[in-house]
Every structure is written in structure tokens, then in C-alpha cells.
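The next block holds one structure in the form of C-alpha cells; read it before the comments.
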Amino acid sequence: MLLTGTHLVWNYVVLILLYGVNSSFASPTQHVLEKSEVAPGKLSMKLKDVYEPLLNFFRPVTCRHRDEQTLIPCHVGESRNTTECLKNKCCPSKPSHELACHMPFKDNMQLTFRLLVLVAGGFLILGCLPLCCCACLQRSQCLNPLRRANKEIQQIVRKKKARSEDIYGPLLD
């Protein structure tokens, strides 16, 4: 039971860290709230809403167009305006007079950077964790035998204390 609880706690910690990293590296097609989505006051959440930031972290997209990339049209309906493009997670572009929407491109550079930061953070945590544990456990009297009081020394101290009370007791009265 303890192993399962610890595993669950670590999963939550990783999800919170990934969500924090994902929000700081926001994609250009930010998620726009719709009227049908859950309001912040309501507590019911969908499974898709929980894992979407995690999936977006490992699948970064960009609207920056390079010359060698072909534009794939995004079907947003008859009215093609910037708001409709962003609501459907498409990229607005203006190659001619008319506004068109195209699918976002994979951002391999951003994915590389995110994975590099994630791996470096993991190695940093794994490197510091033993040092922190040793520092905390070194001060523990339960686990560190050098911190425990030695019984022989305690008996010697008690005898000296009793002897000093016998000697100096009449002087203090």
C-alpha cells in the first residue's frame, strides 16, 4: 500500500512539473475557452482535459512557416477569420488578400529543448536526492548510531554527577 501511494504521489509531482513547464512554453495556438467547456467553479473534469497539457508538452507545434514546408489547409468552416482559426487550433496566415488557415507544424527544436530541460532536471534531482537524504538521515538519532547516547558514558556521567552532588551538596545548603 505504501509503494502504491508513493508511486501515485510521484505521478502527481511529475504531472504538476510538466504542467508548469508547459504553461511557461506556451504554443502559439493557445487554448481558447469555449462556452461549452467547464468553468473554473465547476469541479467536473474530463480525462482529455487532464492529459491534454501532457500531450501538448511532448507534441509542440508552431505556426512559423519555412520555405520547404507545405501548407496543409485547416477546415474551419465558411467563415475564415483569425478567431475561428485559433479556436480550431489552426494557424492564421495571409499569403494573399484572403485570410487562410493552415495546420501548425511540428516544432522539433522546441521538443528537443523541452526534453533536454526535463532530462537535465531529472538528473539534477537524482543527483541531489542522495545528498539531501544523507544530510537528513545523518542527524537522525534512530538511524545514525553515532548520534545515540552510549550507555557506558551515560553511567559514568551519572556517577560523576551523583558524586559532585555529594561533595558540593552541603556547600549549597
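The structure places NZ of Lys89 at 11.5 Å from SG of Cys74, a figure rounded to the nearest 0.5 Å. Considering CG of Asn56 and OH of Tyr51, their distance stands at 14.5 Å, rounded to 0.5 Å. Note that OG1 of Thr83 is 11.0 Å distant from CG of Asn88, once rounded to the nearest 0.5 Å. Atoms CD and NZ, from Gln154 and Lys151 in turn, are 8.5 Å apart once rounded to the nearest 0.5 Å.
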Might you work through the side chain to side chain contact (heavy atoms under 4.5 Å, CB included) test for Leu111 and Arg59, ending with a clear yes or no? CA-CA 7 Å; Leu111 177 64; Arg59 284 191 248 165; over 6 Å; no
Side chain to side chain contact (heavy atoms under 4.5 Å, CB included) evaluation trace for Leu118 with Phe58: CA-CA 11 Å; Leu118 187 68; Phe58 289 107; 4.1 Å; yes
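In terms of heavy-atom proximity, Pro92 sits nearest to Leu86 at CD-CD2, 4.2 Å. Taking both residues in full, the closest heavy atoms of Thr62 and Cys91 are given as O-SG, 4.2 Å, listed atom of the first, atom of the second, then distance.
Annotation: side chain of Arg64 is not in contact with side chain of Phe105 (no heavy-atom distance under 4.5 Å).
Applying the 4.5 Å side-chain rule to ILVMFWY residues, one finds that Met109 remains a lone member of its cluster. Hydrophobic side-chain contacts under 4.5 Å tie Ile72 into a cluster, directly or through other members, with Met103. Listed by chain and number, the hydrophobic cluster partners of Val157 are Ile153, where partners are ILVMFWY side chains within reach of under 4.5 Å, directly or through others.
Evaluation of the side chain to side chain contact (heavy atoms under 4.5 Å, CB included) rule for Glu152 yields Asn150 as partners, not counting sequence neighbours.
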